[in-house]
**Student:** 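Take this structure, written in structure tokens, and hold onto it; I'll ask about it next.
Hydrogens, waters and symmetry mates are skipped; everything else that's a heavy atom, side chains included, is used. Nothing here was measured: the structure is a model prediction, and the numbers come from that model. This chain uses plain numbering: 1 for the first residue, then up along the sequence.
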Amino acid sequence: MTREGSLTLDRGLALLQAVADAGEEAATISELAVSIGASRAAVYRLLVPLSERGLIWRDGTKVRLGVGVLRLAGQVLPQLREAARPVLRELAEKVGATAHLTVAQGDLAQAVAVVEPSWTSYHVAYRVGSRHALNAGAAGRAIGLRPGGDGWVSSTSEPEAGASGLAAPVRGVPALRASVGVVSLEPLAGAEVGPQVLAAAASLAEVLRTDAYQKGRK
């Protein structure tokens, strides 16, 4: 790829990210131009291929994400789930509690991968696809933890009555807002379980940063 082509690709990706960052409020052409440091004319040119692929949708000067993004997301989640499964399996067996990977989708937290321990007499059944508010429960609140602060979050009877949870954020993976956690019917000892969950989150982040995973996404 030529340098010019590389710069065009970089700007196109920056533009798509800027549209996504606008959230529910549609971004204008002028706002996008300021966001990526380009002229309005350049933004119009970059929008053409993105629109043709269904990645963005234009309504006059307003720009939103297109339904083509859903297709891409549908292809990413299975790969993310496969990458997380070994890490969650090890965590579930060590702690003796149901382990899960949760990602942020807007103001909701969604479980995308769940592994139950094999040796316990009973444990929490946690369904893949379960959603709850980001501010309810350890899994959601952990996603919002800032670097340098607490390493993990614990919760009791959130979002389900009687359940205890502990989760840590997955850091250092671009565009991924997620947490790794465990949920149990018994109280969780933070001093013991917290470092294990934190290590699992760091291990998953490392897996997701490897060349093998990144190549699988291309």
Side-chain angles (χ1 to χ4, degrees), residues 1-84 101-113 129 131-135 140-149 169-179 201 204-218:
M1 180 180 292
T2 64
R3 177 174 174 80
E4 182 179 354
S6 179
L7 289 174
T8 299
L9 175 60
D10 185 64
R11 276 192 169 181
L13 293 173
L15 179 60
L16 186 61
Q17 184 64 60
V19 175
D21 289 344
E24 296 182 2
E25 297 295 327
T28 66
I29 299 295
S30 297
E31 290 169 342
L32 293 173
V34 171
S35 179
I36 69 171
S39 67
R40 286 167 51 91
V43 170
Y44 276 114
R45 289 195 298 271
L46 291 170
L47 287 174
V48 172
L50 294 175
S51 179
E52 290 174 345
R53 288 164 175 78
L55 299 177
I56 63 97
W57 173 72
R58 281 183 52 195
D59 181 13
T61 61
K62 297 281 188 176
V63 183
R64 300 180 187 274
L65 289 178
V67 294
V69 173
L70 295 176
R71 180 176 60 83
L72 293 179
Q75 294 174 339
V76 168
L77 283 180
Q79 296 178 37
L80 180 59
R81 188 175 297 118
E82 186 65 23
L101 170 65
T102 298
V103 301
Q105 294 195 341
D107 59 356
L108 296 177
Q110 179 177 342
V112 298
R131 297 185 180 187
H132 58 79
L134 276 175
N135 61 359
R141 291 204 296 272
I143 294 173
L145 285 180
R146 295 183 178 181
V170 178
R171 302 192 191 280
V173 182
L176 179 67
R177 298 171 59 215
S179 69
L204 177 58
E206 183 63 27
V207 169
L208 297 179
R209 287 194 295 264
T210 61
D211 289 342
Y213 176 74
Q214 295 299 336
K215 289 175 181 177
R217 296 180 61 184
K218 294 178 181 179

**Student:** Over all heavy atoms of both residues, which pair between Ala201 and Pro169 is shortest? Give the atoms and the distance, please.
**Tutor:**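 In terms of heavy atoms, the two residues are closest at CB-O, 3.4 Å.
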**Student:** Does anything in residues 29-39 pair up under side chain to side chain donor-acceptor pair (under 3.5 Å), and if so which pairs, sequence neighbours excluded?
**Tutor:**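 Of all non-adjacent pairs touching residues 29-39, those that pass side chain to side chain donor-acceptor pair (under 3.5 Å) are Thr28-Glu31, Ser30-Arg40.
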**Student:** Looking at every non-hydrogen atom in both residues, tell me the closest pair between Ala178 and Leu101 and how far apart they are.
**Tutor:**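 Closest approach of Ala178 to Leu101: CB-CD1, 4.0 Å.
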**Student:** For Leu208 and Leu80: C-alpha separation, side-chain torsions, deciding distance, then whether side chain to side chain contact (heavy atoms under 4.5 Å, CB included) applies.
**Tutor:** CA-CA 8 Å; Leu208 297 179; Leu80 180 59; 3.8 Å; yes
**Student:** Do Arg131 and Gln105 pair up side chain to side chain, a donor and an acceptor below 3.5 Å, judged on atom types alone?
**Tutor:**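 Yes, side-chain donor-acceptor contact under 3.5 Å.
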**Student:** Could you pull out the closest heavy-atom pair between Ser179 and Ala142, with the gap in Å?
**Tutor:**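 Minimum heavy-atom separation between Ser179 and Ala142: CB-CB, 3.9 Å.
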**Student:** Hey, could you give me each pair passing side chain to side chain donor-acceptor pair (under 3.5 Å) that has a residue in residues 54-65? Not counting sequence neighbours.
**Tutor:**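 As it turns out, there is no side chain to side chain donor-acceptor pair (under 3.5 Å) pair with a partner in residues 54-65 once direct neighbours are skipped.
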**Student:** Is the CD atom of Glu25 crowded by more than 12 outside heavy atoms at less than 6.0 Å?
**Tutor:**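 Counting neighbours around CD of Glu25, 12 or fewer heavy atoms of other residues, nucleotides or ligands fall under 6.0 Å, so no.
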**Student:** Using a 3.5 Å cut-off and no angle test, enumerate the donor-acceptor pairs between side-chain atoms of residues 41-50 and protein atoms at least two apart in sequence or in another chain.
**Tutor:**
none

**Student:** Taking the side chain as every heavy atom from C-beta outward, state whether Val19 and Leu32 have any pair of such atoms under 4.5 Å apart.
**Tutor:**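 Counting from C-beta outward, Val19 and Leu32 do come under 4.5 Å.
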**Student:** Tell me if the CZ atom of Arg53 is crowded by more than 12 foreign heavy atoms within 6.0 Å.
**Tutor:**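 No, the 6.0 Å shell around CZ holds no more than 12 heavy atoms from other groups.
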**Student:** Measuring from Asn135:CG to Arg141:CZ, what's the distance to the nearest 0.5 Å?
**Tutor:**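 One finds 7.5 Å between CG of Asn135 and CZ of Arg141.
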**Student:** With a 4.5 Å heavy-atom cut-off, do Leu72 and Gln75 have their side chains touching?
**Tutor:**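 SC-SC contact between Leu72 and Gln75 confirmed.
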**Student:** Just wondering, do Thr102 and Val112 contact through their side chains at under 4.5 Å, heavy atoms?
**Tutor:**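 In short, these two side chains do not touch, never coming nearer than 4.5 Å.
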**Student:** Measuring only between side-chain heavy atoms, which start at C-beta, is Leu16 closer than 4.5 Å to Ile56?
**Tutor:**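 With C-beta onward as the side chain, the pair touches.
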**Student:** Is any side-chain heavy atom of Ile143 less than 4.5 Å from a side-chain heavy atom of Val170?
**Tutor:**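 They are not in side-chain contact.
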